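Structure record follows, encoded as structure tokens.
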Amino acid sequence: YISIATTRPETMLGDGAVAVHLSDERYASIVGKLCEIPVGPKEHRRFIPIITDEYPDPDFGSGAVKITGAHDFNDYQVAKRGKIPMYRLMDTQAALRADGAPYAEEAAKAKQIVESGELPDEETVDAINLVPDDYRGLDRFEARKKIVADINADGLAVMTKDEDGNAVPMVENKPIMQPFGDRSKVVIEPMLTDQWFADAKTLAEPALASVKEGRTKFVPENWSKTYYQWMENIEPWCISRQLWWGHRIPAWYGPKIDSDGCKLETGESEIFVAKSDAEAVQLAQTYYGSDVSVSVDHGDFGIVLAGGEKLDIGTENERIKLDSVSLSRDPDVLDTWFSSALWPFSTLGWPEKTPELERYYQTDVLITGFDIIFFWVARMMMMGNHFMKQEPFHTIYIHALVRDEHGAKMSKSKGNVIDPLELIDEYSADALRFTLAAMAAQGRDIKLSTDRVAGYRNFATKLWNATRFAEMNECKLVEGFKPEDAKSQLNRWVLTELSRAVNDVTREIEAYRFNEAAAAVYRFVWNKVCDWHLELAKPVFGGEDEAAKAETRATTAYVLDQIYALMHPFMPFITEELWERTSGEGVSRDGFLMHSSWPVEGILDDQAADEINWLIDLITAVRSVRAEMNLPAKARTDLLLIGANDDEKAMLERSMNALQRMARVDNGSVASEAPQASAQIVVGQLTVCLPLEGVIDFDAERDRLNKERDKATGEIEKIEKKLGNQGFIAKAPEAVVAEQRTRLEDLQATVAKLDEGIARLG
RNA sequence: GGGCGUAUAGCUCAGCGGGAGAGCACUUCGUUGACAUCGAAGGGGUCACUGGUUCAAUCCCAGUUACGCCCACCA
């Protein structure tokens with residue numbers, strides 16, 4: 001006996017051989033001999049050869065494998081190599097076959113094949129039904145039970161002992177990967193059928209070269225590896241599907257004829273591949289000769305004999321002179337992806353040479369998910385190269401996939417889909433869209449966080465309120481507004497920041513870094529415009545300087561207008577709405593924001609930017625000190641700039657309105673020395689102090705300064721160590737070394753000023 | 001089995017060869033007219049582990065551990 005393990009005992013009925021590994025010494029002596037299959041009627045037991053192959057793993061189980069070529073992928077390969085017949089046991093309903101002659105006759109045919117050593121053609125083998133009579137028509141699982149019962153009854157199972165020492169058939173509990181139908185949820189049985197295949201390997205070569213040679217790029221780039229992996233190990237592509245929907249396979253069948261014009265006894269078909277019925281008829285006419293009438297029959301397929309008798313195309317055992325033939329078209333349709341692969345050009349009118357095709361092919365960027373790379377992207381690349389001799393697109397952007405809260409891929413069949421409509425109802429489409437953009441970092445999937453969506457909903461509200469504020473302060477668009485004409489530092493600053501934001505957002509979008517683009521626009525709108533520009537504009541709006549007021553109004557309106565455009569790709573609805581509402585008098589707004597032009601860089605005024613950014617730092621520092629000193633929110637202080645020059649004094653004067661309002665400063669002035677009872681802040685190159693006579697806690701202030709000093713000296717140590725390293729000086733780029741030197745000097749100046757402050761406190 | 005990827009603040013995630021970031025959450029303070037879906041100030045991280053390359057590593061390379069995904073599939 002040879003021990004065999006199987007999870008599908010019923011397939012033993014169709015076994016064509018037992019295979020062992022080439023090097024397996026245990027079986028060497030019996031290779032080439034025949035063994036009996038222990039199933040089926042005893043009087044007709046089949047014998048099959050013991051063969052060698054590289055496939056069986058000698059260390060796995062008994063080292064011997066049963067070969068069922070018709071119902072297993074691996075066995076199919078072994079059977080093909082070993083010229084072993086592949087007997088089909090099941091029908092398309094996964095029931096055991098009920099067709100053909102009685103088992104005794106069929107088994108005799110199989111016996112004849114083994115004895116002759118000649119392998120008949122596939123169709124002949126496929127016609128043999130080796131299912132024993134009393135198994136025919138049984139469901140596969142029923143048949144499995146019955147086979148096991150029969151084997152056990154015959155005492156042919158490999159036995160082992162159970163816990164009580166009783167002999168029982170040996171069953172191993174072993175996990176296996178079991179493929180299930182995606183839709184049907186039913187265990188899949190591999191089975192041999194006739195299908196159409198495309199030569200994917202040949203199609204893949206140019207498609208592979210397109211990416212390797214950079215004519216089409218993946219973004220992010222590393223997805224090209226996934227593409228290569230698949231293209232380089234490509235299998236023939238099965239393109240026929242037994243479905244009703246789709247492009248029908250363009251193949252027509254008629255009976256094959258011999259040189260006398262007679263139909264073959266085997267009933268074989270001749271295939272005519274054509275673009276239309278008419279072309280198929282034409283091809284067939286050439287094949288059958290002018291004395292046979294050829295037609296296409298869309299209903300009843302068949303051939304008509306000279307006597308008017310009608311036969312099915314496949315009718316065997318009769319060699320008849322044909323009078324007329326009606327061709328039948330293959331009822332199968334093309335694989336969805338075969339048809340979809342034609343999309344980039346078939347939608348433009350191909351195969352006609354239309355103007356659309358001329359204009360839009362090659363297309364630009366394909367945006368899709370990674371799970372579509374094999375199915376669609378690869379196929380479009382193959383078809384585009386084949387039919388159009390050019391790649392269908394120059395860039396393939398692979399976007400992130402939104403996963404569920406557990407990180408699993410969402411799918412309709414799994415039912416774990418987060419419904420975007422619910423999020424839209426709660427937070428708005430703009431908020432959701434912005435969130436997806438903000439989270440779409442390259443090369444990473446998204447676990448959707450509703451907190452983030454809520455945050456960006458708030459961002460939309462912020463923008464709305466900023467617009468309302470501008471409206472209340474009569475900020476109207478002024479036609480012909482030119483950023484370069486702005487006078488005030490504040491306006492020049494915000495216009496400079498706008499230019500920087502425009503450049504950042506544009507650059508990031510062009511590089512497909514949508515999350516960076518979203519972050520840049522967010523920072524500009526909230527942290528520059530709302531937090532500072534609008535706040536710093538308040539004293540101007542409330543002030544007496546009408547010229548400054550007018551300029552600031554115009555600037556604010558202009559900046560918001562640019563913001564709507566910058567944010568439009570991320571929040572199309574609210575920006576379109578605000579844009580429409582803010583059309584000022586004299587400013588024409590034909591059409592949509594969507595159709596307006598993209599912002600471009602305006603002014604870049606570093607001096608203005610530095611001044612306002614210094615002011616922002618100063619206000620922040622004052623607020624920080626006030627908080628740390630536990631100053632009551634309403635308390636006001638004075639402010640002294642220590643040892644400032646004329647320029648710095650002028651800067652302070654320009655900033656007083658803002659300081660009064662935002663830092664709760666009463667009077668600002670320049671002093672040569674700080675009073676003892678004051679809190680001291682180092683901002684840039686200047687020491688600023690807040691006289692806090694009677695309020696200041698000297699110990700607390702000393703601690704605060706020491707804390708800042710420690711932070712700075714820690715940094716200084718690190719930089720000194722770096723600069724003391726000869727390797728660093730010698731090998732690091734000059735700019736990096738210079739930067740470190742500057743940083744060191746700045747920090748040292750800060751420490752010196754802090755030291756003075758600490759000394760002054762006593 | 002083949003391939004790809006991820007480990008950074010309590011959470012969700014950016015970032016990057018040279019000074020650790022955002023949002024949410026948390027602490028304290030604040031409603032006189034843009035916004036409480038808000039404002040101000042703050043706390044919080046050995047950038048998974050081990051080794052290597054480098055003047056310099058959270059970042060590059062190798063290995064380890066954990067987790068995830070794609071493809072194939074063991075009689």
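Numbered from 1 within each chain, the chains take letters A, B, ... in sequence-line order. All values derive from a computational prediction rather than experimental measurement.
Using atom P as the reference point in both B:A56 and B:A14, the two lie 30 Å apart (nearest Å). Atom name P, nucleotides B:U58 and B:G52: the rounded distance is 14 Å, in whole Å. The same atom, C1', is picked in B:C13 and in B:U8; the two are 10 Å apart, to the nearest Å. B:G21 sits 14 Å from B:C47 when the P atoms are compared, rounded to a whole Å. Using C1' as the reference atom, B:U37 and B:C71 are 46 Å apart when rounded to the nearest Å. Using atom C1' as the reference point in both B:G19 and B:A57, the two lie 15 Å apart (nearest Å). B:C26 and B:G44 are spaced 9 Å apart, taking the C1' atom of each and rounding to whole Å. Nucleotides B:C29 and B:G45 have their C1' atoms positioned 26 Å apart, rounded to a whole Å.
A salt bridge links A:Glu701 with A:Arg704: the closest approach of a Lys/Arg side-chain nitrogen to an acidic carboxylate oxygen falls below 4.0 angstrom. A salt bridge is absent between A:Arg433 and A:Asp430; no separation between the charged side-chain nitrogens and carboxylate oxygens falls under 4.0 Å. The pair A:Glu734-A:Arg741 fails the salt-bridge criterion, with no side-chain N (NZ, NE, NH1 or NH2) lying under 4.0 Å from an Asp/Glu carboxylate O.
Distance from the side chain of A:Lys462 is smallest to B:A34 among B:A75, B:A34, B:C55. Of the candidates B:U31, B:C55, B:C4, B:U31 carries the atom nearest the A:Lys634 side chain, counting heavy atoms from C-beta on. Of the candidate nucleotides B:C70, B:A34, B:A75, B:C70 has the atom nearest to the side chain of A:Phe374. Picking from B:U37, B:A34, B:G18 the nucleotide with the shortest atom distance to the side chain of A:Lys722 gives B:G18. Among the nucleotides B:G23, B:G33, B:A41, the one closest to the side chain of A:Met472 is B:G33. Nearest to the side chain of A:Ser624, among B:A41, B:U37, B:G18, sits B:A41. Minimum atom distance to the side chain of A:Asp451 is reached by B:C24, of the listed B:C74, B:G18, B:C24. Relative to the side chain of A:Glu535, the nucleotides B:U12, B:C35, B:A41 differ in distance, and B:C35 lies closest. Here B:A14 is the nucleotide among B:A34, B:A14, B:G19 with the atom lying nearest to any side-chain atom of A:Asn515.
Contacts of A:Glu516 with the nucleic acid, taken as non-hydrogen atoms under 4.0 Å apart, involve only primed sugar atoms and P, OP1 or OP2. Among the heavy atoms of the strands lying under 4.0 Å from A:Arg468 are primed sugar atoms or P, OP1, OP2 only; no base atom is included. Residue A:Asp72 is classed as a sugar-phosphate contact, given heavy-atom separations below 4.0 Å to backbone atoms only. Nucleic acid contact for A:Gly714: none, since no nucleic acid atom lies under 4.0 Å from a heavy atom of the residue. At a threshold of 4.0 angstrom between heavy atoms, the contacts of A:Glu715 are confined to the sugar-phosphate backbone, with no base atom among them. Within 4.0 Å of A:Ala466, counting heavy atoms only, lies at least one base atom of the nucleic acid. No engagement by A:Arg661 is indicated, since no non-hydrogen atom pair under 4.0 Å with the nucleic acid exists. A:Ser62 comes within 4.0 angstrom of nothing in the nucleic acid, heavy atoms only.
Taking only distance into account, the side chain of A:Gln740 never meets the base of B:A56 through a donor-acceptor pair shorter than 3.5 Å. A donor-acceptor contact under 3.5 Å is not formed by the side chain of A:Arg452 with the base of B:G23.
Considering every non-hydrogen atom in both A:Val521 and A:Phe459, the closest pair reads O-CZ, 4.2 Å. Minimum interatomic distance between A:Arg8 and A:His71 (heavy atoms only, all atoms of both residues): NH2-O, 2.6 Å.
At whole-Å resolution of the value, CZ in A:Phe375 and P in B:C70 are 10 Å apart. The CD atom of A:Glu508 sits 15 Å away from the P atom of B:A14 (whole-angstrom rounding). B:C35 atom C1' lies 14 Å from atom CD of A:Glu471, rounded to whole Å. In this structure, CD1 of A:Ile619 is placed 16 Å from P of B:G39, rounded to the nearest angstrom. The interatomic distance linking A:Ile372 (CD1) with B:C69 (P) rounds to 18 Å, in whole Å. Atom OH of A:Tyr228 and atom C1' of B:G2 are 18 Å apart (whole Å). Going from atom CZ of A:Arg741 over to atom P of B:C55 covers 18 Å, rounded to whole Å. In this entry the distance linking CD of A:Glu739 with P of B:G19 reads 8 Å, nearest Å.
Using a 4.0 Å cut-off, some side-chain N or O of A:Lys538 falls inside it from OP1 or OP2 of B:A34. Side-chain nitrogen and oxygen atoms of A:Thr461 include none within less than 4.0 Å of the OP1 or OP2 phosphate oxygen of B:C38. Taking side-chain N and O atoms only, A:Asn74 has no distance below 4.0 Å to OP1 or OP2 of B:A75. For B:A34, the OP1/OP2 oxygens have no side-chain nitrogen or oxygen of A:Trp526 closer than 4.0 Å. OP1 or OP2 of B:C38 lies within a sub-4.0 Å distance of a side-chain N or O belonging to A:Asn458.
Mapping A:Leu534 and A:Arg743 onto RNA chain B by nearest heavy atom places A:Arg743 closer to the 5' end of the strand. Between A:Arg623 and A:Tyr456, the residue anchored nearer the 5' end of RNA chain B, judged by the nucleotide with its closest heavy atom, is A:Tyr456.
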- Query: Given the rule in the ring-ring contact (aromatic ring centres under 6.0 Å, His included) test, do A:Phe374 and A:Tyr227 qualify, once you have shown the distances and angles that lead to the verdict?
  - Reply: CA-CA 7 Å; A:Phe374 311 119; A:Tyr227 178 83; 9.2 Å; no
- side chain to side chain donor-acceptor pair (under 3.5 Å) evaluation trace for A:Lys66 with A:Thr11: CA-CA 9 Å; A:Lys66 64 189 226 41; A:Thr11 63; 2.7 Å; yes
- Message: salt bridge (Lys or Arg N to Asp or Glu O under 4.0 Å) for A:Asp746 and A:Arg743? Distances and angles first, verdict last.
- Response: CA-CA 5 Å; A:Asp746 290 350; A:Arg743 267 191 72 210; over 6 Å; no
- Give the C-alpha distance, both sets of side-chain angles, the deciding distance and a yes or no for ring-ring contact (aromatic ring centres under 6.0 Å, His included) between A:Tyr228 and A:Phe218. CA-CA 11 Å; A:Tyr228 295 153; A:Phe218 275 90; 7.9 Å; no
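Applying the Watson-Crick and G-U wobble criteria (two distances, each under 3.5 Å), B:A25 pairs with nothing in any strand. A 3.5 Å limit on both hydrogen-bonding distances identifies no Watson-Crick or G-U partner for B:A9. With a cut-off of 3.5 Å on both Watson-Crick or G-U wobble distances, the partner of B:C4 is given as B:G68. Pair assignment for B:G33: none, as no Watson-Crick or G-U wobble contacts are both less than 3.5 Å. If you check B:G18 for Watson-Crick or wobble pairing at under 3.5 angstrom, you find it paired to B:C55. When both distances must be under 3.5 Å, the Watson-Crick or G-U wobble mate of B:G43 does not exist.
The cationic atom of A:Lys217 (NZ for Lys, CZ for Arg) does not lie both less than 6.0 Å from the six-membered ring centre of A:Tyr397 and within 45° of the ring axis.
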